[in-house]
Structures are given as C-alpha cells and as structure tokens.
There are 2 protein chains.
Amino acid sequence: MYRTHTCGELRLPDVGKTVTLAGWVQRLRKMGGMTFVDLRDRYGMTQLVFNDEHIPGISDQANKLGREYVLQVTGCVNERSSKNANLPTGDIEVLVDKLVVLNQSVVPPFTIEDNTDGGDDLRMKYRYLDLRRNAVRKNLELRHKMAFEVRAYLDKLGFLEVETPVLVNSTPEGARDFVVPSRMNPGQFYALPQSPQTLKQLLMVSGFDRYFQIVKCFRDEDLRADRQPEFTQIDCEMSFVEQEDVLEIFEGMIKHLFKVVKGIDFTGPFRRMTWHDAMKYYGSDKPDLRFGMRFVELMDVMQGHGFTVFDNAKYIGGICAKGAATYTRKQLDQLTDFVKRPQVGAKGLVYARIEADGNVKSSVDKFYSQEQLQAMKAKFDAEPGDLILILSGDDAMKTRKQLCELRLEMGNQLGLRDKDRYECLWVIDFPLFEWNEEDQRYYAMHHPFTSPKPEDIPFLETDTGNVRANAYDMVINGVEVGGGSIRIHDSQLQDQMFRLLGFTEERAQEQFGFLMNAFKYGAPPHGGLAFGLDRLVSMFAGLDSIRDCIAFPKNNSGRDVMLDAPSVLDDAQLDELQIRVELKQQDK
Amino acid sequence: MYRTHTCGELRLPDVGKTVTLAGWVQRLRKMGGMTFVDLRDRYGMTQLVFNDEHIPGISDQANKLGREYVLQVTGCVNERSSKNANLPTGDIEVLVDKLVVLNQSVVPPFTIEDNTDGGDDLRMKYRYLDLRRNAVRKNLELRHKMAFEVRAYLDKLGFLEVETPVLVNSTPEGARDFVVPSRMNPGQFYALPQSPQTLKQLLMVSGFDRYFQIVKCFRDEDLRADRQPEFTQIDCEMSFVEQEDVLEIFEGMIKHLFKVVKGIDFTGPFRRMTWHDAMKYYGSDKPDLRFGMRFVELMDVMQGHGFTVFDNAKYIGGICAKGAATYTRKQLDQLTDFVKRPQVGAKGLVYARIEADGNVKSSVDKFYSQEQLQAMKAKFDAEPGDLILILSGDDAMKTRKQLCELRLEMGNQLGLRDKDRYECLWVIDFPLFEWNEEDQRYYAMHHPFTSPKPEDIPFLETDTGNVRANAYDMVINGVEVGGGSIRIHDSQLQDQMFRLLGFTEERAQEQFGFLMNAFKYGAPPHGGLAFGLDRLVSMFAGLDSIRDCIAFPKNNSGRDVMLDAPSVLDDAQLDELQIRVELKQQDK
C-alpha cells in the first residue's frame with residue numbers, strides 16, 4: 001500500500017504521527033521557503049507543508065509540481081496554526097519529510113473544481129477527468145449506495161436476484177431493438193433486451209416467487225435529454241400477489257431509500273390517484289404534487305356567454321396561482337407566448353386577476369359580467385391577489401396537457417418546485433388500451449401482458465377503450481420513477497388480449513410463443529414493476545439530467561465521445577459476420 | 001396476497017391454525033374417500049389432505065387435479081399421524097376446507113424431480129420447467145447469495161460499484177467482439193465489452209480508488225462445455241496498491257464467501273506458487289492441489305542408459321501414484337491409451353511398480369539395472385505399493401501438459417478430487433509475454449496493460465520472454481476462478497509495451513488512444529483482478545458445468561433454444577440499420 005492514511009482521514013488526535021499519503025495535487029501556494037500543497041483523493045483533502053526550515057530545499061521540489069500530479073508524501077501530522085473549519089481535515093497539516101512524484105500530469109483541459117470551467121462537450125470527452133470532480137463523483141457514490149440498499153431491502157424480503165441474458169430474441173412490439181449479428185449462426189441476430197419482462201414472467205412460471213434484478217436495458221430510440229440508449233432498471237416480480245401487495249412492498253423500498261440515503265422519514269402511506277383523476281386534475285399521468293393548482297373545469301360557468309372561443313370549445317379549464325395577481329402585462333404576455341409555443345400548442349391564454357376588493361379583472365371582460373366572473377372565481381376558491389389562468393380547446397385531453405405545461409411553468413416561476421421536498425404518489429387504474437388514431441388500432445398502454453381489472457373483463461370486447469388495468473406508476477415530484485402491473489396468467493385471456501391488440505395468431509406465436517406455451521404449464525398469478533435506477537438516483541441527487549449519475553454516458557447522438565464509439569468496423573470483421581454495410585443515399 | 005404461509009413454513013406449533021397456501025401439485029395419492037396432495041413452492045412442500053369425512057365430496061375435487069396444477073387451499077393445520085422426518089414440514093398436514101384451482105397445467109414434458117427423466121435438450125427448451133426443480137433452483141439461490149455477499153464484503157471495504165457501459169468500442173486484440181450496428185450512426189458499430197478492463201483503469205485515473213462491478217461480459221468465441229458467449233465477472237480495481245494488497249483483500253473475499261456460504265473457515269493464508277513452479281511441478285498454471293503427485297524430473301537418472309526414447313528426449317518426468325501398484329496390465333494399457341489420445345498427445349507411457357520387497361518392476365526393465373531403477377525410485381520417495389508413471393518428449397512444456405492430464409486422470413481414478421474439499425492457491429509471477437510460434441511475435445499473457453515486475457524492467461528488450469509480470473491467478477481445485485495484475489501507470493512504459501507487442505504507434509493510438517491519453521493526466525499506481533462468477537458459483541455448488549448456475553444459458557452453438565435466439569430479422573429492420581446479410585457459399 002502506498003499510503004498509511006487517506007487524504008480525508010487525519011484529525012487532531014493524529015497529531016505527532018508519521019504518516020504516508022498519496023493523491024493528486026489540487027492546488028499549490030508558494031510562500032517563499034515554504035510551499036503549501038492541497039493533496040486530494042476520493043476521501044478528502046489534506047494540506048501538505050514543504051518547509052525549507054524543516055528540510056532544506058524541499059520547497060523547491062514542491063514548486064516544480066503541477067496541478068493533478070500524483071504524489072506520495074511522508075511526514076508528521078502537525079496542528080495547524082490557522083485552522084480551516086470548512087475542511088474535515090482542517091485542523092491539521094502534514095509537514096513533509098519526503099516527496100515521491102508517482103506520476104506527472106499535463107495541464108488538464110478544465111479545472112477539477114465543483115464549479116469547473118469545462119463545457120459539456122469537453123467534460124464528456126475527458127470524462128475521466130470530469131469524474132475527479134467531487135460533484136460528479138458524489139452522484140456515483142449515491143448510485144452505489146442506492147443500488148446496495150435496494151439489494152439489502154429486497155434480499156431481506158426473500159427476493160432472489162437472478163441474471164437474465166443480454167443476448168435475447170428480437171421483439172418488434174414497442175421501441176426498436178439493438179441487434180447483434182451472430183457469427184456462429186450466420187444471417188441471424190440476437191437482440192439486446194428492452195427489459196427482462198418476458199424472462200421475469202418465466203421465472204414466475206418457474207416458481208421463483210420473488211425475483212429482482214438491477215439490470216441494463218437497451219432501446220434504440222431517438223434520444224432526448226433524459227434518455228440513454230442503455231439504462232438501468234430495478235426490475236422486480238412476485239407471485240401469488242395482488243396489486244395491493246406489490247404497492248406495499250415497493251412503497252416500503254422507496255421509503256427505505258429515503259430513510260437510509262436522505263434521512264427522510266415518510267410516516268404515512270403515499271398518496272394514490274387514479275389515472276383518470278391525474279389527467280382530470282393535473283393533465284398528466286405523472287403530476288407534480290409539491291404544489292396545488294389543481295385544474296378547475298369551467299364549461300358550465302364560461303360557456304354560452306358569447307365568447308366564441310369558449311363557446312366552441314370542448315374543454316375549458318384553468319388553474320389558480322395564489323398571489324400571482326401582481327404579474328405584469330409583460331409577464332402575462334410571456335405566459336401567452338409560452339403556451340403558444342409549438343411544444344405546448346395552445347391557441348391563447350385567458351387570465352383573470354382577483355383584485356384587492358374581490359373584483360375579478362380578466363382579459364375577456366367584455367364577454368362576461370362581473371357576476372359571471374364571480375361564479376368562475378368561486379369555482380377556484382380564489383382570493384384577492386390570486387391569478388387565474390384559463391385554456392380552452394376542442395380536445396379535452398390535448399388541452400389538459402397544455403394546461404399541465406402551464407401549471408408546471410407557474411410552479412417553476414413561483415418557486416413551488418423545491419428540489420429538497422419529495423412528494424411521492426402512486427398513479428393507479430391506468431387504462432388497459434390506448435387508441436392510436438394514425439394506425440386506427442389499440443395499443444397496450446403498458447404492455448400486452450398487463451391484466452385488466454377483474455371487474456372490467458366483461459367489457460373487454462364491448463367497451464375496450466374504457467377497460468382499466470391493474471397497472472400502477474410511482475411518481476415522485478412529477479417524474480415517473482417506476483411502474484408495473486399485475487400480469488395476465490391465464491392463457492385464454494392472454495390470447496384475447498393479443499387479438500384485441502391486432503396480433504394474428506401467427507405473429508403472437510412467433511413473438512411470444514415461448515411465453516404463451518409456458519403459461520400452459522401452471523402459471524401462478526403474478527405481478528411486478530420496474531424502477532428506472534438512473535431517474536431514481538438523479539431524483540435523489542437533485543440533478544436535472546440522468547446523465548450526471550452515469551459514469552460514462554452517451555450524448556444525444558448515442559455516441560460515447562471519450563471511447564469514440566460507435567465506429568467503423570474493418571472489412572474482415574464484417575466478412576466474418578457475413579453482413580455488409582449498405583449506406584443509403586443521403587437526402588439531397 | 002394469495003396465501004398466509006409458504007409451503008415450507010408450517011411446523012407443530014402452527015397446529016390448529018387456519019391457513020391459506022398456494023403452490024404447485026407435486027404429487028397426488030388417492031386413498032378412496034381421502035386424497036393426499038403434496039403442494040410445492042420455492043420454500044418447501046406441504047402435505048394437503050382432502051377428506052370426504054371432513055368435507056363430503058372434496059376428495060373428488062382433488063382427484064381431478066394433475067401434476068403442476070396451481071392451487072390455493074385453505075384449511076386447518078393438523079399434526080400428522082405418520083410423520084415424515086425427511087421433510088421440514090413433515091410433522092404437520094393441512095386438512096383442506098376449500099380448494100381453488102388458480103391454473104391448470106398440461107402434462108410437463110419431464111418430471112419436476114431432483115432426478116428428472118428429462119434429457120439436456122428438452123430441459124433447455126423448457127428451461128422454465130427445469131428451473132422448478134430444486135436442484136437447479138438451489139444453484140441460483142446460491143448465486144444470489146454469493147453475489148450479495150461479495151457486494152457486502154466489498155462495500156464494507158469502501159469499494160464503489162460503478163456501472164460501465166455495455167455499448168462500447170471494438171478492441172480487436174484478444175477474442176472476437178460481438179458488435180451492434182448503430183441506427184443513429186449508420187455504418188458504425190458498437191461492441192459489447194469482453195471486460196471493462198480499460199474503463200476500470202479510467203476510473204482509477206478518475207480517483208475512484210476502489211471500484212468493483214458484478215458485470216456481464218461478452219466473447220464471440222467458439223464455445224466449449226465451460227464457456228458461454230455472455231458471462232459474469234466480479235470485476236475489481238484499486239489504486240495506490242501493490243500486488244500484496246490486492247492478494248490480501250481478495251483472499252479475504254474468497255474466505256468470506258467460504259465462511260458465510262459454506263461454513264468453511266480458512267484460517268491460514270492461501271498457498272502461493274510461482275507460475276514457474278506450477279508448470280514445473282504440475283504442468284499447469286492452475287494446479288489442483290487437493291492431491292500430491294508432484295512431477296519429478298528424471299533426465300539425470302533416466303538418460304544415457306540406451307533407451308533411445310528417453311535418450312533423445314528433452315524432458316523426462318513422472319508422477320508417483322501412492323498405492324496404485326495394484327493396477328492391472330489392462331488398467332495400465334488404458335492409461336497408455338489415455339495419454340495417446342489426440343487431446344493429450346503423448347507418444348507412450350512408461351510405468352514402474354514398487355513391489356512389496358522394494359524392488360522396482362518397470363515397463364523398461366531391459367534398459368535399466370535395478371540399481372538405476374532404485375535411483376529413480378528414490379527421486380520419488382516411492383514406497384512399496386506405489387506406481388510410477390513416466391512421460392517424455394522433445395518439448396518440456398508440451399510434455400508437462402501431457403503429464404498434467406495424466407496426473408488429473410490418476411487423481412480422478414484414485415478418488416483424490418473430492419468435491420467437498422477446497423484447496424485455494426495463488427499462482428504468481430506469470431511471464432509478461434507469451435511467444436507465438438505461428439505469428440512469430442510476442443503476445444501479452446494477461447493483457448497489454450499488465451505491469452512487469454520492477455526488477456525485470458531492465459530486461460524488457462534483452463530478455464523479453466523471461467520478464468515476469470506482477471500478475472496473479474486464484475486457483476481453486478484446479479480451476480482458475482480469477483486473475484489480475486498490477487497495471488502499468490507510466491505512459492512511457494505503456495508505449496514500450498505496445499511496441500514490444502508489435503503495435504504500430506497508429507494502431508495503439510487507434511485502439512487505446514483514450515487510455516494512453518488519460519494516463520498523461522496523473523494516473524495513480526493501480527491494479528486489480530476479476531473473478532468469473534459463473535465458475536465461482538459452479539465451484540461452490542459442486543457442478544461440472546457453469547451452465548447449471550445460469551438461469552437461461554445458451555447451448556454450444558450459442559443458441560437460446562427456449563427463446564429461439566438468435567433469429568432472422570425482417571428486411572425492414574435491416575434496412576433501417578443500413579446493413580445487409582450476405583451469406584457465404586457453404587463449402588462443398
């Protein structure tokens with residue numbers, strides 16, 4: 001071992017000890033005959049003193065050091081005359097007797113500080129230097145701790161972690177698969193799993209009873225800020241359970257994590273909301289409940305008074321922003337611009353201020369009497385000083401989603417989305433199917449193995465769109481961190497589902513034959529869920545993107561700029577795989 | 001929850017309780033008016049009684065059940081009149097009040113018993129049924145426990161588990177990579193990692209200090225019985241360490257596993273042997289030390305007496321099998337056949353029995369005097385009743401490997417390779433390079449990042465083949481379960497290594513540029529190792545193949561016969577990836 005102690009370890013009781021430390025040069029201060037060096041490792045920082053009065057000429061040795069040099073030093077622990085209360089080792093320093101330069105460093109392309117001067121691209125290219133920064137490393141330490149605690153919690157409850165294969169078969173339903181040509185089976189391809197869904201269900205058929213796995217999954221999707229082509233799931237499944245059992249166990253897991261990782265004690269049960277209510281009151285299946293501003297529907301009070309925009313609308317709804325009546329005309333115009341952006345897509349915004357005397361002053365005053373506006377105000381329980389914002393449209397769901405964007409924006413503007421507060425929610429009773437206008441067919445909202453609610457099974461054929469699923473999502477602060485369902489364990493019901501989803505018998509057999517076949521051999525009732533570890537960690541770390549809790553993430557083009565992957569293969573390798581690249585003409 | 005208790009839980013103190021169980025029908029015994037059913041789940045087996053005297057007609061319901069039906073039953077726990085001491089629940093039975101058939105089962109293609117009637121192929125095709133068998137499930141429970149305990153041990157020592165990417169860059173050195181075409185970067189490919197070697201070294205450059213990961217790795221190799229295209233490593237790396245530190249920590253890990261998993265306490269340190277001694281005395285870099293039979297070299301005593309086979313040999317060596325002088329002529333002929341098999345490749349076998357009077361009776365008596373044979377006997381410390389077996393050849397290493405096969409075979413025949421005994425060994429001081437006759441160049445014995453022993457660095461250019469590496473393997477019972485090395489952290493030394501390995505500067509830059517570049521920014525001294533989890537588990541489980549400790553293994557053609565993967569892609573998918581399959585003509 002190159003050291004007796006780490007750079008984060010020494011304290012006053014160590015004074016007088018001769019120690020050896022190893023680490024990186026964080027900074028260097030030359031004082032003439034005396035040089036101070038802050039030596040850094042993963043565990044902390046220790047001040048070194050190179051004093052010519054102690055060892056003649058030693059400050060000269062130190063003065064030749066550069067940032068990020070790797071040192072090994074031996075010396076005596078001294079009490080500092082001027083202590084640094086901000087540093088855990090701030091009471092001591094090491095008076096160096098002996099310096100060994102273990103490695104030099106060229107000047108790094110950005111500073112290794114919490115607030116670095118390095119841009120995103122540079123940091124990704126030199127990710128190994130970026131990872132030296134405390135801020136980034138702490139995220140990965142948190143990730144380790146969370147994964148470890150998830151395992152500890154589930155192990156205690158009898159869950160077995162079972163590794164499922166990475167080289168599996170392609171299942172065209174859903175997102176695109178990454179595929180892997182097989183050299184031993186020329187012309188054939190493996191696929192990388194989008195999730196171990198079918199395999200964990202097979203493990204239930206196998207009687208494994210309680211399964212989990214922290215596992216890499218892969219989706220060849222176009223990437224947005226919060227997606228990666230490879231991501232990690234906490235994947236879980238249980239047998240002989242009902243929805244309530246699953247919710248209970250995994251609510252417990254999240255509470256356990258909050259407790260051991262963040263010291264937050266959730267005493268009561270998490271809130272629950274049906275998907276229907278979530279859409280109606282928040283315009284989202286993942287409402288952020290750190291603040292109110294529930295939607296109020298206004299068709300009855302606002303329609304039929306001659307304002308044609310509202311009179312022709314299929315939906316009118318609004319939110320009440322407490323205390324925001326002070327918004328200026330300019331701010332309100334900016335909000336109007338916000339909702340009219342193509343990403344939101346509203347046609348316009350109606351607003352109404354509640355004035356000090358209780359009167360309502362709105363942007364549509366000429367169409368409504370004060371009495372009518374008071375009726376509207378009453379719907380919101382609005383008080384003087386509040387600001388009411390109203391959207392309308394010819395499609396209720398679309399308008400709700402626009403109103404949801406507005407609500408979140410108002411939450412941001414009013415500082416209601418505190419990163420240190422956590423509001424956890426189960427969204428339940430999802431619809432089983434989702435109608436796709438374009439393809440004129442139903443898709444499974446979760447996946448084709450999701451069980452309908454038993455009481456809704458009779459309506460599968462007659463009222464397909466309204467059948468509810470035994471499906472649930474866990475939402476924290478408006479982010480879906482996990483979700484799952486009770487599965488179908490009856491092969492006849494599964495056949496019916498495939499039929500409703502427009503699978504021919506052949507296609508169902510081709511894609512899921514092994515699962516349907518397995519179900520003939522005594523499948524137990526089962527269900528489960530999966531959490532996105534990346535999202536969960538970034539939520540706990542208060543990060544805006546999942547990228548910063550991943551050691552070596554890919555950029556928005558799916559590239560690892562540090563490794564320079566993907567890259568071109570040489571012909572011999574392609575030849576051996578018996579495939580050929582055939583680039584399409586670029587569009588002119 | 002469909003149950004109040006598991007099928008492995010009920011004991012005498014539960015008598016009188018009303019319980020609900022759920023599980024699978026293991027077997028059914030009809031007794032006329034009374035039917036016994038053994039109900040099985042992951043946790044055990046409980047006897048159910050369907051008694052018409054208790055509930056009229058209930059035995060008829062039970063009689064309609066078949067093997068592997070999934071049941072939910074409610075009833076009262078009774079003490080059994082005839083107890084079954086072999087079953088943890090053997091003191092009680094459940095007198096059933098109510099039976100619910102949760103799912104039926106068609107007749108399984110093989111019996112769900114420890115000794116099944118199912119052949120290998122059938123079991124793999126219906127792996128989800130095979131996994132119902134105790135024998136198979138126990139292996140995966142063991143695997144879970146071992147992985148869990150590895151994490152617990154390493155976490156305690158400050159190791160961080162960091163996930164490295166699965167979609168990386170291709171590194172042509174070594175085995176073949178699996179590759180993944182990138183849709184977003186047409187014509188370019190990711191590779192699946194053969195190991196996270198370079199990434200974990202980058203994490204050391206990042207100052208992570210202590211890293212581990214239980215991680216899937218991939219090699220597109222032709223498969224032997226004990227290889228899988230995807231396999232799992234316990235991958236570890238540490239900074240500021242010397243070889244001794246690594247050995248100590250990971251010897252501790254293996255001891256921890258033996259203790260908590262198998263209840264075996266290793267008190268003293270593990271044995272250590274140089275690679276040179278391992279080859280000299282056992283003809284293998286992974287000697288099985290559960291038994292002796294160390295090689296004895298006989299050039300001095302056996303050469304120059306007119307037996308031309310020996311006189312022309314470059315190596316003569318033998319083993320002494322205690323008490324095997326009783327071997328018949330037939331058995332000795334079979335041993336001769338054994339060493340002459342192409343897999344072993346020896347030309348012949350010389351043997352010598354030590355008779356009761358101490359005389360040596362050999363197959364080459366006509367060339368040697370009794371005195372000369374006694375000199376040979378003395379070399380072995382052989383006693384009456386022993387059998388000496390001797391091989392010779394014109395290549396010492398080749399002959400040693402043949403003698404190694406013979407030694408292992410004798411160990412098997414004499415019952416010296418007890419699966420319940422564990423002999424752990426560090427093999428150290430591996431050569432840094434391995435000469436390849438065919439390519440007329442050196443290859444790295446471990447990998448190009450392995451550090452030479454500091455004292456051997458001066459001989460890198462002058463005596464390349466004899467330079468020793470700071471490399472080590474852990475061997476248990478003749479199986480290499482792990483290995484690693486201290487790495488090069490000096491970029492000049494790394495450049496020299498690449499040159500000695502025949503890399504042009506361009507190729508080294510192309511393949512390892514990011515690593516060599518990273519080393520310029522202050523790389524700490526570091527080293528590590530990786531254990532094969534599959535091998536380690538199968539060793540602990542006493543299995544002959546790693547396949548039985550993997551939930552969904554692939555066969556020797558790399559196929560998952562259950563999932564039917566790999567498989568052909570449709571043209572649209574290939575088109576999107578901008579690749580084409582181009583099958584070669586089969587050889588005629």
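Numbered from 1 within each chain, the chains take letters A, B, ... in sequence-line order.
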Inset, instruction - Specify which of A/Tyr69, A/Phe514, A/Phe148 makes the most heavy-atom pairs with chain B at under 4.5 Å. - result: A/Phe148
Inset, instruction - For chain B, find which of A/Arg559, A/Met562, A/Glu68 contributes the most heavy-atom pairs closer than 4.5 angstrom. - result: A/Arg559
Inset, instruction - Identify the two heavy atoms, one from A/Leu140 and one from B/Phe208, that lie closest to each other, and give their separation to 0.1 Å. - result: CD1-CZ, 3.6 Å
Inset, instruction - Measure the spacing between OH of A/Tyr211 and CZ of B/Arg42 and express it to the nearest 0.5 Å. - result: 13.5 Å
Legend entry - Engaged part of A/Gln492 at the chain B interface, taking heavy atoms whose separation is under 4.5 Å: neither
Legend entry - B/Glu163 side chain reached by A/Thr232 side chain, heavy atoms, under 4.5 Å: yes
Legend entry - Pairwise salt bridge (charged side-chain N to carboxylate O under 4.0 Å, His left out) hits with a residue in residues 204-214 of chain A, at least two apart: A/Asp209-B/Arg3
Legend entry - Which portion of A/Arg580 sits near chain B, non-hydrogen atoms under 4.5 angstrom: both
Inset, instruction - To the nearest 0.5 angstrom, please state how far the CG atom of B/Asn517 sits from the OH atom of A/Tyr128. - result: 4.0 Å
Legend entry - A/Gln104, part contacting chain B, at a heavy-atom distance under 4.5 Å: backbone
Legend entry - Contacting moiety of A/Leu515, where chain B heavy atoms sit under 4.5 Å: neither
Legend entry - Nearest heavy atoms of B/Pro165 and A/Lys216, plus distance in Å: CA-NZ, 3.8 Å
Inset, instruction - Report yes if some heavy atom in the side chain of B/Leu167 is under 4.5 Å from a heavy atom in the side chain of A/Asp560; otherwise report no. - result: no
Legend entry - Spacing of B/Asp490 atom CG and A/Leu102 atom CG [to the nearest 0.5 Å]: 11.0 Å
Inset, instruction - Pick one of side chain, backbone, both or neither for A/Leu199, based on which atoms fall under 4.5 Å of a heavy atom in chain B. - result: both
Inset, instruction - Using a cut-off of under 4.5 Å on heavy-atom pairs, state which of A/Pro108, A/Gly558, A/Ala523, A/Ala551 scores highest against chain B. - result: A/Ala523
Legend entry - Heavy-atom side-chain proximity of A/Tyr2 to B/Val241 below 4.5 angstrom: no
Legend entry - Most contacts with chain B, counted as non-hydrogen pairs under 4.5 angstrom, among A/Pro181, A/Gly187, A/Gly513, A/Ala518: A/Ala518
Inset, instruction - Examine whether an atom of A/Leu533 lies under 4.5 Å from a heavy atom of chain B, and if so say whether it belongs to the side chain, the backbone or both; otherwise answer neither. - result: side chain
Inset, instruction - Sort out for me which of A/Lys520, A/Glu242, A/Lys125 touches chain B most, counting heavy-atom pairs under 4.5 Å. - result: A/Lys520
Inset, instruction - Considering non-hydrogen atoms only, spot the tightest contact between B/His144 and A/Leu160 and give its length. - result: CD2-CD2, 3.7 Å
Legend entry - ring pair (Phe, Tyr, Trp, His ring centres under 6.0 Å) against B/Tyr126, all qualifying residues, sequence neighbours excluded: A/Tyr521
Legend entry - Residue pair B/Gln573 / A/Arg176, side-chain donor-acceptor N/O under 3.5 Å: no
Legend entry - Side-chain touch B/Val179/A/Leu577, heavy atoms, less than 4.5 angstrom: yes
Inset, instruction - Please round to the nearest 0.5 Å and tell me the distance separating atom OH of B/Tyr190 and atom CG of A/Leu569. - result: 13.0 Å
Inset, instruction - Give, as side chain, backbone, both or neither, the part of A/Asp245 having an atom under 4.5 angstrom from any heavy atom of chain B. - result: side chain
Legend entry - Shortest non-hydrogen separation from A/Gly522 to B/Ser105 and the atoms involved: N-CB, 3.7 Å
Legend entry - Approximate separation, where rounding is to 0.5 Å, of A/Glu576 CD and B/Asp220 CG: 7.5 Å
Inset, instruction - Could you check if a side-chain atom of A/Pro524 sits within less than 4.5 angstrom of a side-chain atom of B/Trp24, using non-hydrogen atoms only? - result: yes
Legend entry - Heavy-atom side-chain contact between A/Leu131 and B/Leu203 under 4.5 Å: yes
Legend entry - Heavy-atom pairs under 4.5 Å with chain B, option from A/Pro553, A/Ser491, A/Gly158 with the top count: A/Gly158
Inset, instruction - Output the distance between atom CD (B/Glu161) and atom NZ (A/Lys145), rounded to the nearest 0.5 Å. - result: 14.0 Å
